[in-house]
Amino acid sequence: MKDYSIITPEGTKDLLFEECMANRTVSTTLGKVFAQRGFHEVLTPGIEFYDLFAEEKSGIPMEYMFKMSDSKGRLMVVRPDSTLPIARMAATRLMHEKHPLRLYYNQRVYRYNPGLTGRSNEVMQTGIELIGAKGLRADLEAITTAIEALSKCVPDYRIELGNAEFFRIMAKSLPVNDDLREEIRMLIESKNYSALNSLLDTLEQTQAVSVIRRLPRLFGGIEVLDEACKLCDDEAALDRLAYTREIYNALSKLGLGDRLMIDLGLVQRNDYYSDIVFSGYVSGSGEPVLIGGRYDKLLDNFDAPAPAIGFGINVDALASVMLNRGNVPQKPKPSVLVHSEPGFEIEAIKYTNALSEAKVFAENSVFETLEEAMAYAREKGIRKLTIVGEEIKTMNTGE
C-alpha cells in the first residue's frame, strides 16, 4: 500500500507563517465587526449526523460531503456548511432565547469539489446569522454588516444582489423535470451562455424560457431590474423584483457607486435561500469571497419556524488576497536573544519573561554553546545577544 504520510489530501494544504498571520488577521478583524454590531460567537461540532445535511434540506449533493460512520453504524458527515448546524442550535439550545438571535461563527467547513477548479475542500469560514427577524430592516442589517466586514479588509470589494425567489418562480414555470431544471440552474450559475441557449432552444418558447435565457446577462445597475420587469408579467415575480429594487435603492445611499450591482443570475445551489441573496467579490479572487441570503423556511425543518438571514465569508480566500497585496502586518522579529551560561537556564528564562513584560520582544536561546546562539542570532537578524550567568552581559551581533 502506498504511503501517503508526507502529503496532504487533495484540496487541502498546510498554512505556514505569513499565511497563518493573514488568516488570523482576517478572522480577528471580522470577529470585531460582528461583535461590535451585537452578534455573539458560537461554534458547532466538526462532525454531525448526515440527516442534518440531507440534500432536500441543504441543497448539497451527498457525493460532495465527507462521510463516516459512528460506533453504532450511523452515517456522519464532516461539517459541509455552517448555517444548518446553527439553525439546529437555534431551534434546540436557544429555543427559549428572545428573538432576534444575533449569532456569528468562525470555523472550518469541508466539502468535496469535483475537479477542484482552484477551490479547496477545506475552508475557514466566518459569518453571521440573524434569526427571528424579517423585512427590510433585517435584510439591510445583514447586508450592511457584510459591506462593513469586507470594507475593513479590502477597499475594492463589490456586492451583488439577486433574488432566489424570482429565479424559483421562473424555473417552476419551465416545462422540464427537476433534473433538467437543476442542469439549467448550473448553466446559469456558471454563465455558460452557449450550453444554456442550446438547451433552451429544445423547449417550447414560453415567457419563462425567455426570462431564463436572459438571466445570466441580467447584470449591472438598476436598469437590470427595469429590463427584467419588461420580460415577465408574473405578479409574484414582479413583487420580488420590486423588493430587490427597494433594497438596492436603500443601499445606494451608502455611496457605494459601482461597488453595488444587481445580478439576477445569482442562483446558488443552496436550496434553502428564499428571497434576497447577495455575493461579495474582491479583485484577485476568481470566486465570491462572501455568499449570503434570506432563508425563511429553513428552521421549519426543526419544528421551530422563524425568518432568518445570514452570510458566510471565505476567510482563506480573503486572507490570500490581503497577503498577496502586502496588507497583512508582519510578525516582528526578536530584538534580543537571551542565552544562558551552564547552570543559569531558569534565570535566563526569567530574564526573557521580564523583557517580554517590559514590551521588549525577546527570545530564549535553546542552543548549547554561545557560538551556536551567536550564529543563530545573526542568521535571524537579531541585533542583540544577552548572556545570563553570574553577570548579565549584552553584546551586538553585528546585524
Side-chain angles (χ1 to χ4, degrees), residues 8 11-36 41 104-109 118-120 122-127 146-158 259 280-290 312-340 348-367 372-388 394-399:
T8 63
T12 68
K13 61 177 291 188
D14 297 317
L15 296 181
L16 303 177
F17 313 137
E18 292 87 357
E19 292 173 309
C20 290
M21 179 69 75
N23 274 48
R24 181 64 61 190
T25 298
V26 171
S27 293
T28 300
T29 300
L30 298 181
K32 287 180 179 178
V33 171
F34 302 151
Q36 287 170 356
E41 187 174 14
Y104 83 91
Y105 58 89
N106 186 66
Q107 57 191 27
R108 293 199 173 275
V109 294
R119 301 178 182 179
S120 297
E122 177 187 30
V123 173
M124 178 61 80
Q125 187 182 79
T126 187
I147 291 171
E148 182 180 354
L150 290 182
S151 69
K152 293 292 185 181
C153 296
V154 291
D156 55 344
Y157 61 88
R158 185 178 77 249
R259 287 181 294 170
Y281 294 83
V282 299
S283 177
S285 178
E287 297 290 330
V289 298
L290 181 151
I313 295 177
N314 185 328
V315 171
D316 296 329
L318 194 51
S320 178
V321 169
M322 293 179 64
L323 188 60
N324 290 336
R325 296 181 181 182
N327 292 342
V328 177
Q330 298 297 307
K331 181 180 179 181
K333 58 186 177 184
S335 57
V336 181
L337 180 66
V338 180
H339 183 74
S340 67
I349 290 173
K350 289 180 178 179
Y351 187 80
T352 305
N353 292 341
L355 288 176
S356 297
E357 290 175 2
K359 308 300 182 185
V360 176
F361 188 9
E363 179 180 322
N364 183 58
S365 167
V366 295
F367 297 99
E372 289 177 303
M374 178 64 79
Y376 173 82
R378 287 173 175 166
E379 182 180 346
K380 294 296 183 180
I382 303 174
R383 295 183 177 182
K384 291 184 178 180
L385 177 64
T386 296
I387 305 163
V388 176
T394 297
M395 62 179 67
N396 293 325
T397 63
E399 293 297 316

Listed pairs under 3.5 Å, donor-acceptor, residues 25-34 side chains, sequence neighbours left out:
residue: T25; atom: OG1; partner: M21; partner atom: O; Å: 2.8
residue: S27; atom: OG; partner: N23; partner atom: O; Å: 3.1
residue: S27; atom: OG; partner: N106; partner atom: OD1; Å: 3.2
residue: T28; atom: OG1; partner: R24; partner atom: O; Å: 2.8
residue: T29; atom: OG1; partner: T25; partner atom: O; Å: 2.7

Requested in this report: Could you tell me which residues satisfy ring pair (Phe, Tyr, Trp, His ring centres under 6.0 Å) with Y157, sequence neighbours excluded, listed by chain and number?
Outcome: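 Partners of Y157 by the ring pair (Phe, Tyr, Trp, His ring centres under 6.0 Å) criterion come out as none, since no residue qualifies.
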Requested in this report: Taking ring pair (Phe, Tyr, Trp, His ring centres under 6.0 Å) as the test, write out the residues that go with F367, two or more places apart.
Outcome: Y376
Output all residues satisfying salt bridge (charged side-chain N to carboxylate O under 4.0 Å, His left out) with [X], sequence neighbours left out; order by chain, then residue number.
| X | answer |
| --- | --- |
| E372 | none |
| E19 | K13 |
| R158 | E160 |
| K350 | none |

[X]: which residues meet the side chain to side chain contact (heavy atoms under 4.5 Å, CB included) condition with it, sequence neighbours left out?
| X | value |
| --- | --- |
| T12 | T8, P9, E122 |
| Q125 | S82, Y105, V109 |
| V366 | none |

Requested in this report: Please name all residues satisfying side chain to side chain donor-acceptor pair (under 3.5 Å) with S340, sequence neighbours left out, ordered by chain then number.
Outcome: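 Not a single residue meets the side chain to side chain donor-acceptor pair (under 3.5 Å) criterion with S340.
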Query - Sequence neighbours excluded, every pair satisfying salt bridge (Lys or Arg N to Asp or Glu O under 4.0 Å) that has a member inside residues 322-333 - result: D156-R325
